> 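Sharing a structure here in structure tokens format.
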Amino acid sequence: MLELKDVQVFRGNTHVLHGVSMEVGQGEIVALIGANGAGKTTTLRAISGLLPTREGTITYTPGSGQPLETNRMSAESIVASGLCHCPEGRGIFGGLSVIENLHMGAYLRNDTQGIQEDIEKIHAMFPILADRAKQTAGTLSGGEQMMLALGRSLMSCPKLLMLDEPSLGLAPLVVEAIFEMLADINKQGVTVLLVEQNAVMALDLAHRAYVLENGVVTMTGSGAELANDDNVRKAYLGG
Ligand code: ATP
């Protein structure tokens with residue numbers, strides 16, 4: 001569904017990605033783990049067209065559609081093609097209400113009835129978002145904001161959902177709840193590419209994973225294989 005081949009990205013004069021190659025298959029949860037500054041966020045931003053590639057190709061094939069080079073597309077066309085990027089920090093509109101944030105996720109849709117049905121589904125999935133529908137989003141707790149970010153992402157009907165550090169700043173029990181929701185979202189047919197510092201949780205959830213070090217993929221395997229690898233354990237799982 002998504003293929004990166006030898007992708008090189010610069011940020012200013014800094015050469016950040018030195019030829020990243022990776023794949024995400026339809027229906028998978030794939031995790032990208034690595035230390036601070038390894039280039040994980042840069043990889044997601046390149047996939048969603050927010051950063052230009054210097055070399056290499058990024059190809060996204062939604063369902064049975066034609067392969068698309070997302071790096072050359074407008075942000076709107078990318079969202080319309082079913083690729084949704086939930087950024088680090090969640091990107092919710094703090095001054096808008098919870099329900100307005102959900103509607104923002106559907107800004108490219110005009111199927112009023114479908115939008116209403118999806119809001120009801122999201123309210124069933126995250127009842128707190130129904131309870132807090134009129135509350136200003138910026139006053140929600142971190143965990144509630146993450147649920148809103150997931151709900152808003154789902155409103156765009158994603159085929160591939162990319163999440164950047166969903167566990168950031170959340171208490172362990174909240175992280176567990178969010179990761180269970182990600183597993184449910186995946187079971188409903190959404191492919192997931194997950195960037196995480198919390199490698200223990202990410203490898204537990206993911207079908208497959210990639211380790212990124214200094215802008216290069218150094219290891220790949222199933223979540224379980226990487227979780228049991230001595231080097232990964234020492235570097236990312238606390239020994
Ligand atoms: P983190 O978990 O800390 O966000 P990361 O793996 O996501 O780490 P990136 O945010 O992709 O890493 O950053 C990769 C490298 O790019 C880092 O060395 C960082 O300093 C550099 N970088 C990030 N943003 C910019 C920028 N706007 N200009 C120049 N260099 C940048």
Side-chain angles (χ1 to χ4, degrees), residues 2-24 28-58 60 70-73 75 78 83-92 142-143 145-146 149-150 153 160-172 174-176 178-179 182 191-206 208-221 223 226-227 229 231-239:
L2 179 73
E3 186 181 43
L4 279 69
K5 268 194 197 157
D6 294 324
V7 169
Q8 305 215 19
V9 173
F10 282 68
R11 300 188 81 165
N13 292 325
T14 312
H15 193 171
V16 177
L17 300 186
H18 298 263
V20 169
S21 297
M22 57 184 283
E23 286 176 12
V24 180
E28 281 192 306
I29 301 179
V30 172
L32 182 59
I33 64 169
N36 274 337
K40 305 180 296 298
T41 296
T42 301
T43 303
L44 292 194
R45 288 176 67 85
I47 295 168
S48 50
L50 299 169
L51 287 172
T53 50
R54 184 73 65 95
E55 295 285 342
T57 54
I58 300 176
Y60 163 61
T70 52
N71 203 254
R72 295 167 192 269
M73 290 163 60
I78 290 174
L83 200 164
C84 179
H85 182 171
C86 184
E88 191 169 351
R90 299 166 194 131
I92 64 163
Q145 289 192 11
M146 190 59 226
L150 283 179
S153 298
L160 172 59
L161 175 58
M162 302 199 299
L163 295 146
D164 197 347
E165 303 276 6
S167 76
L168 200 71
L170 302 182
V174 180
V175 175
E176 264 178 44
I178 297 286
F179 273 57
L182 285 179
T191 304
V192 176
L193 174 57
L194 172 70
V195 156
E196 256 300 337
Q197 288 266 339
N198 187 335
V200 175
M201 294 291 293
L203 294 181
D204 190 39
L205 177 73
R208 291 191 306 110
Y210 292 86
V211 178
L212 194 64
E213 287 176 21
N214 299 317
V216 178
V217 171
T218 52
M219 285 187 78
T220 182
L226 291 188
D229 181 272
N231 293 326
V232 173
R233 291 175 76 87
K234 274 189 207 123
Y236 305 108
L237 305 175

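Read the numbers this way: they start at 1 and go in the same order the structure lists the ligands and their atoms. If you read the sequence from its start, that first residue is 1, and numbering goes on from there. Keep in mind the model is a prediction, meaning the values are calculated, not measured.
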> Tell me which protein heavy atom sits closest to atom 10 (O) of ligand 1, plus the residue, atom name and distance to 0.1 Å.
T41 CB, 3.6 Å

> Below 4.0 angstrom, counting only protein heavy atoms, does anything approach atom 5 (P) of ligand 1?
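Yes, at least one protein heavy atom sits under 4.0 Å from atom 5 (P) of ligand 1.
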
> Quick check against the 3.5 Å criterion: does R208 have a side-chain atom that pairs as donor or acceptor with the backbone of I29?
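No.
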
> Considering L51, V16, L32, N214 one by one, which has a heavy atom nearer to atom 15 (C) of ligand 1 than any of the others?
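Going through L51, V16, L32, N214 one by one, V16 has the nearest heavy atom to atom 15 (C) of ligand 1.
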
> Could you identify the single nearest non-hydrogen protein atom to atom 12 (O) of ligand 1 and state the distance to 0.1 Å?
G39 N, 3.3 Å

> Go through it in stages, so that I can follow the logic: the residues are L2 and I58, the test is side-chain contact (heavy atoms from CB on, under 4.5 Å), and I'd like the CA-CA distance, side-chain angles, deciding distance and then a yes or no.
CA-CA 7 Å; L2 179 73; I58 300 176; 4.2 Å; yes

> Name the closest protein heavy atom to atom 17 (C) of ligand 1, giving the residue it belongs to and the distance to 0.1 Å.
G37 O, 3.8 Å

> Any atoms of ligand 1 less than 4.0 Å from a non-hydrogen atom of A38? List them with their elements.
5 (P), 6 (O), 12 (O)

> Tell me yes or no: between the side chains of T41 and E88, is some donor less than 3.5 Å from an acceptor?
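Looking only at side-chain atoms, E88 and T41 do form a donor-acceptor pair, the distance falling under 3.5 Å.
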
> Might you confirm whether atom CZ of R11 has over 12 heavy atoms from other residues, nucleotides or ligands at distances under 6.0 Å?
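Yes, CZ of R11 has more than 12 neighbouring heavy atoms, counting only those of other groups under 6.0 Å.
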
> Does E165 reach ligand 1, in the sense of a heavy atom lying below 4.0 Å from it?
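For ligand 1, residue contact (heavy atoms, under 4.0 Å) with E165 is present.
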
> Measure from the side-chain N and O atoms of N71 to the backbone N and O of I47, and report whether any donor-acceptor pair falls under 3.5 Å.
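No, the answer is negative, given that no donor and acceptor are paired below the 3.5 Å cut-off.
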
> Would you say A35 touches ligand 1, if touching means a heavy atom closer than 4.0 Å?
yes

> Please work out which of E196, E88, R11 has its closest non-hydrogen atom nearest to atom 30 (N) of ligand 1.
R11

> When you check the side-chain N and O atoms of H18 and Q8, is any donor under 3.5 Å from an acceptor?
no

> OH/Y210 to OG1/T218 distance, rounded to the nearest 0.5 angstrom?
12.5 Å

> Do me a favour and list the nearest non-hydrogen protein atom to atom 2 (O) of ligand 1 with residue, atom name and distance?
Q197 NE2, 2.9 Å

> Return the closest protein heavy atom for atom 3 (O) of ligand 1 as residue, atom name and distance.
N36 OD1, 3.1 Å

> Below the 3.5 angstrom mark, is there an N/O of G12, backbone or side chain, next to an N/O of ligand 1?
no

> Do the non-hydrogen side-chain atoms of L163 and L182 ever get within less than 4.5 Å of each other?
yes

> To check your reading of the model: name the closest protein heavy atom to atom 9 (P) of ligand 1, its residue, and the distance in Å.
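The protein heavy atom lying closest is T42 OG1, 3.6 Å.
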
> Go through the side-chain N and O atoms of Q197 and S167 and say whether any donor and acceptor fall under 3.5 Å apart.
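The criterion, which ignores hydrogens and geometry beyond distance, is not satisfied for S167 and Q197.
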
